[in-house]
Structure formats: C-alpha cells, structure tokens
Amino acid sequence: MRAIRGLWRWRRNPLRRTTDLVEAWVAMAALLLILVAAPVVGAWVGSVAQDALRESVRQQRLDRHLVEATVAKKADSSPLDPDPETSSARDSHNRVLANWKGPDGTEQQGTVMAALESPQAGDRFTLWTDEQGRIVGRPLDTATATTHAVLAGFGAAAVCAGLVEGSRRLVLWRMVRRRYARWDLAWSQAGPDWGRTGTGS
C-alpha cells in the first residue's frame, strides 16, 4: 500500500522535492517488480521443483517395491514415538514381528508397523522395501509432488516480493535519513539568528 501511495508524489506541486519524485519512481519500480518479477520467479521455481520432484517420483518408483509380509507375532505395544502428538497418526497401526522376502530374494525379519486391527500370527500385509529388502517409506506420489512444487513456487514468489518491498523500504529509509541530515544542516545555519530583531536586514 505504501508503494501505491508513493505514486501520488508525481503530482505537480510547487513544494515537491526531487527526493519526492525519486521516491515515486522507486515505488513504481517496486510495484512493477512485485506484480511482474515475483510471479515469474515463482513460476520458474515451481517448474524447476516440479521437474526435480517428478524425477524423484520416477526414481522412487523404480527403487521401492511393495512386498507381502507375514506376521510372526505381535510385538510389545510400547510406542515408537514418545511424543503423543506425533504418534497419534500411528494409532491405527500395530507393531509386529514380521517376515518378508526382499525383491532380491533374501529373507528378512524385523519389527514393523502393520495396518492390522488385531494382528495374529500368519496374517499378511504389505510394506515397502528397497532393492535389498530393507524397509523404506512409500514412494512419493505425483499429486503430493505437484503440491510441493506449487508451494515452492508460491513461497519463492512471496520471498521475491518481500525482498523487493524490503529493498524499497531500505532505499526510502536512507532517503529520509539524508533528508533529515539536510534539514539539520539548514537549521544549524539559520538557527543562531532565528527570531532575532533585524535578522536578514
């Protein structure tokens, strides 16, 4: 809003200073950069992020495999995460000791989280592993990747706009400081004679 108010300094006025006109040009440049450069930067960053995330999705789909595991027994029910706020998402899962075969054919066994209400020995469920059969997170999906890319684009545009506005305010602050310094100098030169009879005669 201050940038828009600065545009009014272009109006003709006998009291208008050069710094007022400079301030108006700075406001116009900042407004144009916010309206044009920030969206361009946001679109570019979003596009780069989208390409990188799509490649990550493709790579994860190649490297991660959905395999079937068999419950050997239910593991102890102590929480994996001591923080109750972050562990709430795991409430629908149970810890079990399970056996599974990795994509390379190796037999694996370990304690994992199973999406089973009341797991019993012999129950089957699926989990994601890498090429060696080690448990990994599920691969990133395309929709999530797109969401992250859009957020990255919006974030970059916001940062760009913030930098432009911050630069405008810094320039304005320096101009005001210089203006006050000039006023102080002018006042110090006129001040000693201010109000004295016969001043200027």
Side-chain angles (χ1 to χ4, degrees), residues 1-7 24-69 79-96 98 100-106 108 110-117 119 124-174:
M1 287 297 129
R2 289 186 180 182
I4 293 172
R5 283 203 300 268
L7 300 178
W25 278 109
V26 169
M28 172 62 91
L31 184 62
L32 288 175
L33 284 172
I34 289 172
L35 293 177
V36 177
V40 168
V41 168
W44 178 76
V45 169
S47 175
V48 170
Q50 178 77 348
D51 291 344
L53 288 168
R54 279 185 180 166
E55 177 59 25
S56 180
V57 167
R58 189 189 67 77
Q59 194 61 44
Q60 286 183 12
R61 286 182 177 169
L62 290 174
D63 295 341
R64 300 182 184 190
H65 306 276
L66 193 62
V67 300
E68 190 174 71
L80 291 174
D81 192 339
D83 185 355
E85 290 183 8
T86 56
S87 62
S88 61
R90 304 177 188 229
D91 290 346
S92 60
H93 293 69
N94 287 291
R95 292 179 67 189
V96 298
W100 66 93
K101 186 178 287 189
D104 61 354
T106 58
Q108 302 285 339
T111 303
V112 298
M113 299 296 289
L116 300 169
E117 284 188 20
R124 295 181 179 275
F125 63 98
T126 56
L127 50 82
W128 290 95
T129 70
D130 62 11
E131 295 287 346
Q132 289 74 40
R134 293 176 298 221
I135 296 174
V136 293
R138 66 178 298 167
L140 187 66
D141 61 86
T142 306
T144 303
T146 300
T147 301
H148 286 286
V150 169
L151 290 175
F154 276 119
V159 168
C160 181
L163 288 173
V164 169
E165 176 61 12
S167 299
R168 185 193 71 81
R169 288 178 183 231
L170 180 62
V171 169
L172 183 60
W173 175 75
R174 290 180 63 87

Looking only at heavy atoms, which two atoms of Pro103 and His65 are closest? And how far apart?
CG-CD2, 3.4 Å
Go through the side-chain N and O atoms of Ser167 and Glu165 and say whether any donor and acceptor fall under 3.5 Å apart.
no
According to side chain to side chain contact (heavy atoms under 4.5 Å, CB included), who are the partners of Ser47, at least two apart in sequence or on a separate chain?
Asp51
If you define the side chain from C-beta out and look only at heavy atoms, does anything of Thr111 sit under 4.5 Å from Val96?
no
Residues in side chain to side chain contact (heavy atoms under 4.5 Å, CB included) with Thr142, at least two apart?
Val57, Arg61, Thr146
Taking every heavy atom of Ala49 against every heavy atom of Ala152, the minimum-distance pair comes out as CB-CB, 4.1 Å
What are the two closest heavy atoms between Ala145 and Leu140, and how far apart are they?
CB-CD2, 4.0 Å
Minimum heavy-atom distance between Ala98 and Phe125, given as atom pair plus value:
CB-CZ, 3.8 Å
Taking salt bridge (Lys or Arg N to Asp or Glu O under 4.0 Å) as the definition, give me every residue that meets it alongside Arg54, ordered by chain and number, with sequence neighbours left out.
none
On a heavy-atom basis, the closest approach of Gln108 and Gly133 is CG-O, 3.7 Å
Side chain to side chain contact (heavy atoms under 4.5 Å, CB included) for Val26 and Leu172? Distances and angles first, verdict last.
CA-CA 8 Å; Val26 169; Leu172 183 60; over 6 Å; no
Identify, with sequence neighbours excluded, every residue that meets side chain to side chain donor-acceptor pair (under 3.5 Å) alongside His148.
none
Side chains of Leu127 and Thr129: closer than 4.5 Å at any heavy-atom pair?
yes
Can you sort out the partners of Thr126 under side chain to side chain contact (heavy atoms under 4.5 Å, CB included), two or more places apart, ordered by chain and number?
Leu66
Between Val41 and Cys160, the two heavy atoms sitting closest are CG2-SG, 4.1 Å
Could you pull out all residues at least two apart from Arg138 that satisfy side chain to side chain contact (heavy atoms under 4.5 Å, CB included)?
Trp128
Heavy-atom check, side chain of Asp63 versus side chain of Asp130, under 4.5 Å:
no
Hey, could you give me the CH2/CG distance between Trp173 and Leu170, rounded to the nearest 0.5 Å?
7.0 Å
Please check this pair: side chain of Gln132 against backbone of Thr106, looking for a donor-acceptor N/O pair closer than 3.5 Å.
no
Quick check: does any side chain N or O of Arg64 sit under 3.5 Å from a backbone N or O of Gly137, one acting as donor and the other as acceptor?
yes
